[in-house]
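Whatever order the structure lists them in is the order used to number ligands and atoms, beginning at 1.
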Amino acid sequence: MSKDIHLVWFRNDLRVGDNPALFYAAEQGVVIGIYLEPVEQRVAHNDAPCKVGFINDTVKELRKQLNKLNIPLHSFQVTDYQQSVEKIEQLVEEVNADGVYFNNEYPLNEKKRDDQLEQQLQAKGLKVKRFDGDVIIPPNSVSTGKGEPYKVFTPYKKAWIEFHKTQGMSSLPAPDKQNYKIEQQYDCDFGHDYRKDLWPAGEKAARDTLNEFLPKASYYKERRDIPSVKGTSMLSPYLAVGAISARKCIEALLEWHEGDQEAFYQDTWLSEIIWREFYRQIIIDNPQISHHQPFKSDAKEVWNGQHELFAKWCKGETGFPLIDAAMRQLLQTGWMHNRLRMNVAMFLNKLCLIDWREGEAFFMRQLIDGDFASNNGGWQWCSSTGADGAPYFRIMSPITQSQRFDPEGKFIRKLVPELAGLSDKDIHFPTSQQRKDLGYPDPIINYKEARKAALELLS
Ligand SMILES: Cc1cc2nc3c(=O)[nH]c(=O)nc-3n(C[C@H](O)[C@H](O)[C@H](O)COP(=O)(O)OP(=O)(O)OC[C@H]3O[C@@H](n4cnc5c(N)ncnc54)[C@H](O)[C@@H]3O)c2cc1C
């Protein structure tokens with residue numbers, strides 16, 4: 001084969017649109033797409049079976065899209081990242097490629113893997129081109145007045161917006177159709193069940209989800225905290241596997257605002273996308289986080305709760321209806337509403353005094369949108385150990401939160417059907433007799449006492 005072949009290694013960027021590695025490789029010559037499924041690495045990283053199943057189907061959809069552009073996509077199973085590097089090296093040799101193009105992933109193991117591959121290929125005189133397709137503004141684009149990384153979200157967001165305004169970055173189109181005849185494609189299947197009814201796989205489905213959400217963006221601020229209504233985009237699984245880019249999402253938001261920059265930059269939904277960028281920057285600046293360390297080096301780690309409490313929390317049997325409804329939503333769908341993620345995390349960590357790392361890992365093992373940076377960021381925010389974390393004395397009351405965000409118990413009634421017949425008042429915390437009658441568990445903690453104990457330990 002001639003010497004202008006480039007491998008594009010797809011990882012968490014399973015799309016043809018706005019994919020810098022794919023776009024620039026296609027500009028240079030013939031592209032061969034590769035996907036490697038690292039089976040044991042998935043287990044080590046606690047990736048949920050539903051997420052793996054979703055990735056499997058997204059890879060298949062990606063292949064269809066690539067094939068329309070005459071680009072093949074070969075997929076293989078490997079054990080871990082070490083074997084991923086070896087496999088890429090082997091493939092480069094087999095097809096006599098010029099080099100490899102890929103988009104960076106930012107957690108530590110992924111970065112080490114990519115650095116190793118880059119070194120080994122460059123030593124052989126081969127080309128490695130790395131891009132930043134998972135974020136909107138490239139890492140390290142903004143820093144404080146002192147040139148230090150941001151540790152607090154609000155000033156980061158302000159700097160992010162200023163940078164974005166000056167750069168005016170727009171997304172990349174899909175590459176042009178290639179002049180290449182696809183002969184044979186290696187395919188491997190690593191399918192698992194997931195809620196295909198909620199998240200059909202692929203780039204088109206991701207775009208449809210975005211388009212369905214945008215008309216509701218004007219209500220986002222008011223509805224985003226109400227778990228019984230579909231007030232958020234539910235795009236997170238697509239963003240986690242890269243079936244759509246965050247850049248594409250906010251470009252569509254700007255269009256929806258008809259180009260009104262002021263309204264766009266003030267949009268609450270944009271802010272959430274910037275949280276995603278913030279947590280990515282945080283793991284880049286703080287590699288200790290990838291070693292299960294807290295962001296704050298002086299964080300108080302006082303977690304001495306009994307394992308039994310953790311086991312009940314995992315099953316959605318805490319005796320606190322909102323917490324149980326949330327955990328059952330996670331178990332049934334692989335996704336949980338953001339307001340509820342905060343509630344169950346604080347409940348487990350601050351009220352049951354279970355180490356946030358246990359909750360973080362359990363979430364990863366269940367979530368279809370499991371994402372190391374956002375999940376770790378969320379858990380550390382809730383346990384007050386993280387960047388711009390909630391102050392230690394902020395502990396959400398599972399009863400007050402329930403009354404406030406699910407006032408008629410609509411969400412609870414759906415997920416905890418044994419409580420469906422209770423009044424709007426009782427549903428947030430049934431009486432002992434009601435629990436007995438309905439077969440619903442007694443509360444596993446006494447909220448007031450647990451809160452008091454936590455405040456004493458954490459202050
Ligand atoms: C304890 C905890 C764990 C979390 N774990 C994850 C996780 O593993 N994966 C994940 O994608 N998000 C995680 N989040 C963030 C957030 O809960 C989800 O992104 C959101 O609920 C996804 O729903 P949506 O797509 O409808 O979001 P929308 O409200 O429509 O927001 C749009 C997008 O912005 C991003 N986003 C929104 N909120 C946040 C946030 N607080 N932090 C970072 N990014 C955000 C997501 O990519 C989301 O898809 C976690 C939050 C907490 C408190």
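Of the protein's heavy atoms, Trp335 CZ2, 3.4 Å lies nearest to atom 23 (O) of ligand 1. Protein heavy atom at the shortest distance from atom 3 (C) of ligand 1 is Asn375 OD1, 3.3 Å. Taking atom 12 (N) of ligand 1 as the reference point, the nearest protein heavy-atom neighbour is Ser374 CB, 3.6 Å. In terms of protein heavy-atom proximity, atom 30 (O) of ligand 1 is nearest to Ser233 OG, 2.6 Å. Atom 29 (O) of ligand 1 has as its closest protein heavy atom Tyr220 OH, 2.5 Å. In this structure, atom 2 (C) of ligand 1 lies nearest to the protein heavy atom Gly378 CA, 3.7 Å. Given atom 19 (O) of ligand 1, the protein heavy atom at minimum distance is Ser236 CB, 4.2 Å. Protein heavy atom nearest atom 8 (O) of ligand 1, with residue, atom name and distance: Asp371 N, 3.0 Å.
Checking only distances, Trp379 never comes within under 3.5 Å of ligand 1, N or O to N or O. An N or O contact shorter than 3.5 Å is missing between Trp275 and ligand 1 by distance. For ligand 1, the polar-atom distance check finds an N/O of Glu272 within less than 3.5 Å of one of the ligand's N/O atoms. Checked against a 3.5 angstrom limit, the closest N/O atoms of Met342 and ligand 1 fall outside it.
Between Glu272 and Arg224 there is a salt bridge, with a side-chain nitrogen of the basic residue lying less than 4.0 Å from a carboxylate oxygen of the acidic one. In this structure, Glu110 does not pair ionically with Arg113, as no charged nitrogen and carboxylate oxygen lie closer than 4.0 Å. Between Arg435 and Asp426 no salt bridge is recorded (no basic side-chain N to carboxylate O distance below 4.0 Å). In this structure, Arg195 pairs ionically with Asp197, as a charged nitrogen and a carboxylate oxygen lie closer than 4.0 Å. Arg413 and Glu408 are not joined by a salt bridge, as no carboxylate oxygen comes within less than 4.0 angstrom of a charged side-chain nitrogen. Residues Asp18 and Arg247 are paired through a salt bridge, judged by an N-O separation under 4.0 Å between the basic side chain and the carboxylate. Taking a cutoff of 4.0 Å between a charged side-chain nitrogen and a carboxylate oxygen, Arg276 and Asp134 qualify as a salt bridge.
Taking 4.0 Å as the cut-off, Phe372 does not count as a neighbour of ligand 1 on heavy-atom distance. Residue contacts with ligand 1 leave out Tyr238, since none of its heavy atoms falls under 4.0 Å from the ligand. Ligand 1 lies out of reach of Gly377, whose nearest heavy atom is not under 4.0 Å from it. Under a 4.0 Å heavy-atom criterion, Met234 is in contact with ligand 1.
For ligand 1, the atoms lying closer than 4.0 Å to a non-hydrogen atom of Leu235 are 25 (O), 49 (O). Within the listing of ligand 1, atoms 8 (O) sit less than 4.0 angstrom from a heavy atom of Gly370. Of all the atoms in ligand 1, the ones that sit under 4.0 Å from a non-hydrogen atom of Tyr279 are 42 (N), 43 (C).
With no hydrogens or angles considered, no side-chain donor-acceptor pair links Asn56 and Tyr35 at under 3.5 Å. Side-chain contact, Ser384 with Lys300: no donor N or O sits under 3.5 Å from an acceptor N or O. With no hydrogens or angles considered, a side-chain donor-acceptor pair links Asp57 and Tyr194 at under 3.5 Å.
The side-chain hydrogen bond (donor to acceptor under 3.5 Å, both in side chains) analysis of residues 147-163, with sequence neighbours excluded, yields the pairs Lys157-Ser271, Trp160-Glu277.
Under the 30°/60° scheme for interplanar angles, the aromatic rings of His45 and Tyr81 are found to stand perpendicular.
Relative to atom 14 (N) of ligand 1, the option among Arg276, Arg280, Arg341 with the closest non-hydrogen atom is Arg341. Evaluated by nearest non-hydrogen atom to atom 21 (O) of ligand 1, the leading choice among Ile273, Asn338, Thr209, Thr232 is Asn338.
Both the backbone and the side chain of Asp369 come within 4.0 Å of ligand 1, judged by heavy-atom distances. For Leu367, every heavy-atom contact with ligand 1 shorter than 4.0 Å involves the side chain, none the backbone. Contact annotation: for Trp269 versus ligand 1, heavy atoms closer than 4.0 Å belong to the side chain alone. The residue Phe213 has no part lying near ligand 1, judged by heavy-atom distances below 4.0 Å.
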Could you walk me through whether Thr385 and Trp379 pass the side-chain contact (heavy atoms from CB on, under 4.5 Å) test, one step at a time?
CA-CA 9 Å; Thr385 62; Trp379 276 93; over 6 Å; no
Checking Trp335 against Gln329 for the side-chain contact (heavy atoms from CB on, under 4.5 Å) test, could you report, in this order, the C-alpha distance in whole Å, the side-chain angles of both residues, the deciding distance, and whether it holds?
CA-CA 7 Å; Trp335 184 88; Gln329 180 179 43; 3.8 Å; yes
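For the pair Lys87 and Phe76, the cation sits on the ring face: its NZ or CZ lies under 6.0 Å from the ring centre, inside 45° of the axis.
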